[in-house]
Amino acid sequence: MKTRLTERIQGLYEQQLQHQLHEVSYKLSDKTLVIVMEGTLTKPEQILMARDRAELAQQVRTVLNSALKPQIRQLVEEVMDVRVIDFLSDTTISTGRTGAIAIFEFEQKSKVFSLANSQRG
C-alpha cells in the first residue's frame, strides 16, 4: 500500500507541477492516515523564498495545495479502498514540508465480500 501510494503521490507532483518530492512517509492508525511529504516547494516558490518574498511564496503554495488536495484525497481513497470523510493538509513554507491527515471509514466495496459476510450469520 505505502509503495503504491508513494508512487501515485510522486507521480501527481511530477505530472501536475513537474516537481520531484524528496520523500513521502506515512503513519496509519485506526481510521487515520498521516502523510508527510518532504521537498514540496517548487522551483518558483524556492526562488521567491530566496528573494525574501515568503508572503508571495505562501500565496502560491496555498493555491497549489488547494488544487492538489482533492487529488491526493482521491488517491488515498483509491489505493486504500476507503472513503475519506475528512482531509486536512498544510505546508510549512520555510521547511518545504507538507503534512496531510486523512480520516476515513472503511467501505465494503466488493459485493463478494458483502455476500460472504451475510452468509456467515
Side-chain angles (χ1 to χ4, degrees):
M1 184 261 331
K2 288 181 181 179
T3 302
R4 187 166 172 232
L5 189 55
T6 296
E7 289 171 356
R8 299 282 303 271
I9 290 173
Q10 287 175 333
L12 176 67
Y13 268 80
E14 290 172 9
Q15 179 185 22
Q16 299 286 317
L17 304 174
Q18 287 78 48
H19 180 74
Q20 290 188 338
L21 298 176
H22 299 149
E23 183 180 350
V24 180
S25 58
Y26 307 91
K27 174 77 172 160
L28 178 64
S29 63
D30 293 333
K31 293 183 178 186
T32 305
L33 175 67
V34 176
I35 307 167
V36 178
M37 295 165 275
E38 304 277 350
T40 57
L41 293 188
T42 62
K43 194 67 171 172
E45 292 167 290
Q46 293 170 19
I47 290 169
L48 290 170
M49 290 296 291
R51 300 220 166 121
D52 293 325
R53 302 294 309 269
E55 187 176 313
L56 183 54
Q58 184 64 56
Q59 291 173 5
V60 170
R61 175 47 46 182
T62 299
V63 170
L64 292 175
N65 280 349
S66 67
L68 294 172
K69 185 176 174 179
Q71 295 177 70
I72 295 172
R73 177 184 181 147
Q74 182 178 357
L75 291 178
V76 170
E77 289 181 331
E78 289 173 6
V79 171
M80 295 187 66
D81 197 27
V82 296
R83 185 171 80 86
V84 174
I85 56 176
D86 204 359
F87 190 83
L88 314 161
S89 67
D90 198 11
T91 300
T92 302
I93 199 87
S94 61
T95 63
R97 187 175 294 124
T98 298
I101 302 170
I103 302 166
F104 48 82
E105 63 184 27
F106 288 99
E107 289 183 342
Q108 294 181 355
K109 292 188 176 179
S110 168
K111 289 182 181 179
V112 174
F113 181 77
S114 296
L115 288 173
N117 282 341
S118 66
Q119 291 176 356
R120 288 185 187 163

> Of all heavy-atom pairs between R4 and V79, which one has the smallest distance, and what is that distance?
Replying inline: NH1-CA, 3.9 Å
>> How about CG on D86, more than 12 heavy atoms from neighbouring residues, nucleotides or ligands closer than 6.0 Å, or not?
In response: yes
> Below 4.5 Å, heavy atoms only, C-beta onward: do K31 and I85 meet side chain to side chain?
Replying inline: no
>> To the nearest 0.5 Å, what is the distance between OH on Y13 and CG on L64?
In response: 8.0 Å
> How many angstroms lie between CG in L17 and OG1 in T42, if you round to the nearest 0.5 Å?
Replying inline: 6.5 Å
> Looking at OG1 of T62 and CG of D90, how far apart are the two atoms once the value is rounded to the nearest 0.5 Å?
Replying inline: 7.5 Å
> Counting distance only, does the side-chain N/O of H19 pair as donor-acceptor with the main-chain N or O of K43 below 3.5 Å?
Replying inline: no
> What's the shortest heavy-atom distance between F104 and V84, and which atoms?
Replying inline: CB-CA, 3.9 Å
>> Under a 3.5 Å threshold, yes or no: a donor from one side chain and an acceptor from the other, between Q10 and E14?
In response: no
> Can you name the nearest heavy-atom pair linking M80 to L28, along with the distance?
Replying inline: CE-CD1, 3.9 Å
> Linking I/L/V/M/F/W/Y whenever their side-chain heavy atoms sit closer than 4.5 Å, directly or via other members, would I101 and V82 fall into one cluster?
Replying inline: no
> Could you give the distance from CG (L88) to NZ (K69), rounded to the nearest 0.5 Å?
Replying inline: 6.0 Å
>> Please give me the minimum heavy-atom distance between A100 and M37, naming the atom from each residue.
In response: CB-CE, 4.4 Å
>> How long is the straight-line distance from NE2 of H22 back to CD of E38, given to the nearest 0.5 Å?
In response: 9.0 Å
>> Main chain of R83, side chain of E105: is a donor-acceptor contact present, judged purely on distance under 3.5 Å?
In response: no
>> As a test of understanding, state which of R61, E45, R97 forms a side chain to side chain contact (heavy atoms under 4.5 Å, CB included) with T40.
In response: R61
>> Is there a side-chain contact between V76 and I35 in this structure, where contact means two heavy atoms from C-beta onward sitting under 4.5 Å apart?
In response: yes
>> Please give me the minimum heavy-atom distance between M49 and A57, naming the atom from each residue.
In response: SD-CB, 3.8 Å
>> To the closest 0.5 Å, what do you measure between CD1 (I72) and CZ (F87)?
In response: 5.5 Å
> Are T91 and N65 close enough that a side-chain donor and a side-chain acceptor fall under 3.5 Å?
Replying inline: yes
> Do the side chains of T3 and E7 get nearer than 4.5 Å, heavy atoms only?
Replying inline: yes
> Looking only at heavy atoms, what is the nearest atom pair of S66 and P70, with distance?
Replying inline: O-CD, 3.3 Å
